[in-house]
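See structure below.
In what follows, chains are A, B, ... by sequence order, proteins preceding strands, each numbered from 1.
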2 protein chains.
Amino acid sequence: MGFWIVVFKFFDIYLTKGYNRNIIWQEALNVEEKEISQAVIGRLPRYLRYLGELKDEGVERISSQELSRIMNVTASQIRQDFNHFGGFGQQGYGYNVEYLYTEIGKILGIDQTHKLIIVGVGHLGQALANYMNFERRGFLVRGLFDQNPELTGTLVRGIPVRPMEELESFIGENDIDIGVLTIPKEGAVPVSKRLVDCGIKAIWNFAHVDLEVPDGVQVENVHLSDSLMKLSYNITRFEKEQG
Amino acid sequence: MGFWIVVFKFFDIYLTKGYNRNIIWQEALNVEEKEISQAVIGRLPRYLRYLGELKDEGVERISSQELSRIMNVTASQIRQDFNHFGGFGQQGYGYNVEYLYTEIGKILGIDQTHKLIIVGVGHLGQALANYMNFERRGFLVRGLFDQNPELTGTLVRGIPVRPMEELESFIGENDIDIGVLTIPKEGAVPVSKRLVDCGIKAIWNFAHVDLEVPDGVQVENVHLSDSLMKLSYNITRFEKEQG
């Protein structure tokens with residue numbers, strides 16, 4: 001499918017513009033690259049997790065069939081997903097685990113560090129601040145903010161909680177990329193606006209509300225209630241099926 | 001699309017089995033019902049959230065166009081999603097908000113109560129135990145478990161933490177539907193096996209590992225690291241696009 005999009009795009013550009021073929025292929029491939037769906041992206045962290053485990057076990061090469069078996073997805077799905085990124089090496093030989101792990105890590109941008117602040121230091125905010133695995137992936141928690149004056153100055157994993165008034169200056173001075181919102185939905189919209197105005201690159205939103213942000217600001221929502229309701233649906237559905 | 005699947009299925013069954021037409025339609029429609037994808041299901045909680053807000057604002061009827069505008073999805077997507085469940089009323093008049101809210105709630109199974117236990121009373125477990133919105137949706141936290149003996153007997157929102165040894169007896173005596181796993185990945189697989197052996201209906205898994213459970217046990221994963229990596233991918237991608 002992806003292949004035919006590129007080929008179609010090639011002829012589309014060739015016929016309408018008629019210029020240098022190399023440049024056209026480039027353009028066609030770029031278009032193709034942009035077509036990578038969020039569904040494919042959403043699967044990459046899972047590949048990374050399994051490859052990390054294989055790497056830790058000392059496995060050097062793995063075939064798509066073998067990877068398919070342990071990950072419980074089809075080998076064709078794996079090849080399709082990897083083809084979005086150039087395929088990662090010869091199929092006959094299997095994939096080089098270390099290389100594949102590194103490349104997928106690069107695609108996910110975890111070869112770079114990201115600086116985070118957490119807004120809302122309730123239980124969830126504290127859970128995230130304490131979660132060391134994020135740091136290992138290059139997500140560094142640099143600041144904590146809460147509107148409750150009683151929390152100001154208290155430490156979570158050695159990081160002091162700051163008042164909301166310091167939000168803008170702290171982001172500016174500390175080159176913060178990502179704002180994590182672990183506050184109730186009422187506060188989330190105005191705080192997200194303040195983050196956007198400071199030039200934040202991304203918001204990881206746990207508040208139960210959809211945020212409107214300009215293009216170029218990335219938002220990833222974790223709506224826990226929605227996930228729980230999906231579970232509830234599947235229970236109900238299964239019970240109905242069983243009569 | 002869905003319509004043609006039903007029609008095709010009808011003739012498929014009619015030609016191969018040749019029995020009573022009413023039964024066949026039933027069978028064909030059942031097949032269609034099963035085709036509802038997890039993607040559609042995943043969108044229902046968001047509909048419910050917006051409809052709940054409209055209901056609170058006193059809005060009685062809403063057209064798919066208007067709902068489309070406030071939810072930022074196409075009206076055709078909304079109609080398609082709702083058609084999976086019979087369409088929920090006349091399009092010309094718009095939808096009755098209260099009715100639609102109730103019906104989607106029923107589909108999601110939140111007209112019934114579900115009893116939960118939380119295994120792992122760290123920050124995340126405590127965050128979930130304290131989150132009152134779940135109770136409002138009918139998800140009742142009935143028990144807390146942790147392997148750390150120092151936590152035994154301590155209270156979270158009035159609920160005592162129990163030792164892991166009491167897991168099986170507590171589930172049996174309290175008619176627990178859902179086990180929430182907020183423990184590190186090492187413990188998650190053995191604990192999930194114990195939950196399955198007790199006849200638990202569903203597992204809400206926050207551990208960073210995929211669980212293998214028998215058919216009929218529902219699993220919904222919340223892999224927070226995966227979500228954060230998706231965000232990181234989108235930041236990197238946007239920066240590349242901007243050159």
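- A:E212 and B:N72 share no side-chain donor-acceptor pair at under 3.5 Å.
- Interface remark: B:E53 contributes side-chain atoms only to the contact with chain A (heavy atom separation under 4.5 Å).
- B:S225 contributes atom OG, which lies 8.5 Å from atom CZ of A:F139 (distance to the nearest 0.5 angstrom).
- The distance from atom CG of A:D226 to atom CG of B:L44, rounded to the nearest 0.5 Å, is 10.0 Å.
- Proximity to chain A (any heavy atom under 4.5 Å) is restricted, for B:H223, to the side chain, taken from C-beta onward.
- Atom NZ of A:K201 and atom CG of B:L231 lie 11.5 Å apart (nearest 0.5 Å).
- One distance of note links CD of A:E220 with NZ of B:K230; it measures 4.5 Å at 0.5 Å rounding.
- Of the atoms belonging to B:V180, not a single heavy atom falls under 4.5 Å from chain A.
- Contacts with chain B were tallied for A:L116, A:V222, A:N130, A:D210; A:D210 has the most, counting heavy-atom pairs under 4.5 Å.
- B:R137 has its side chain out of reach of A:L228: every pair of non-hydrogen atoms, C-beta onward, lies at least 4.5 Å apart.
- Proximity to chain A is limited to the side chain of B:F206, based on heavy atoms less than 4.5 angstrom apart.
- Under a cut-off of 6.0 angstrom, the local environment of CD in A:Q77 is crowded, with over 12 non-hydrogen atoms contributed by other residues, nucleotides or ligands.
- Rounded to the nearest 0.5 Å, atoms NZ (B:K185) and CZ (A:R49) are 7.5 Å apart.
- Looking only at heavy-atom pairs under 4.5 Å with chain B, the residue among A:Q242, A:Q112, A:H114 that has the most is A:H114.
- Counting heavy atoms from C-beta on, the side chains of B:Y233 and A:P45 never come closer than 4.5 Å.
- To the nearest 0.5 Å, the span separating CD1 on B:I235 from CD1 on A:I200 amounts to 9.0 Å.
- At a 4.5 Å heavy-atom cutoff, the contact between A:E239 and chain B is made by side-chain atoms alone.
- Heavy atoms of B:S232 lying under 4.5 Å from chain A belong to its backbone as well as its side chain.
- With a 4.5 Å cut-off on non-hydrogen atoms, A:N234 touches chain B through its backbone and its side chain both.
- Counting heavy-atom pairs closer than 4.5 Å to chain B, the top residue among A:G42, A:A202, A:G216 is A:G216.
- Heavy-atom neighbours of A:Q147 CD from other residues, nucleotides or ligands within 6.0 Å: at or below the threshold of 12.
- With a threshold of 4.5 angstrom between heavy atoms, B:L224 approaches chain A through its backbone and through its side chain.
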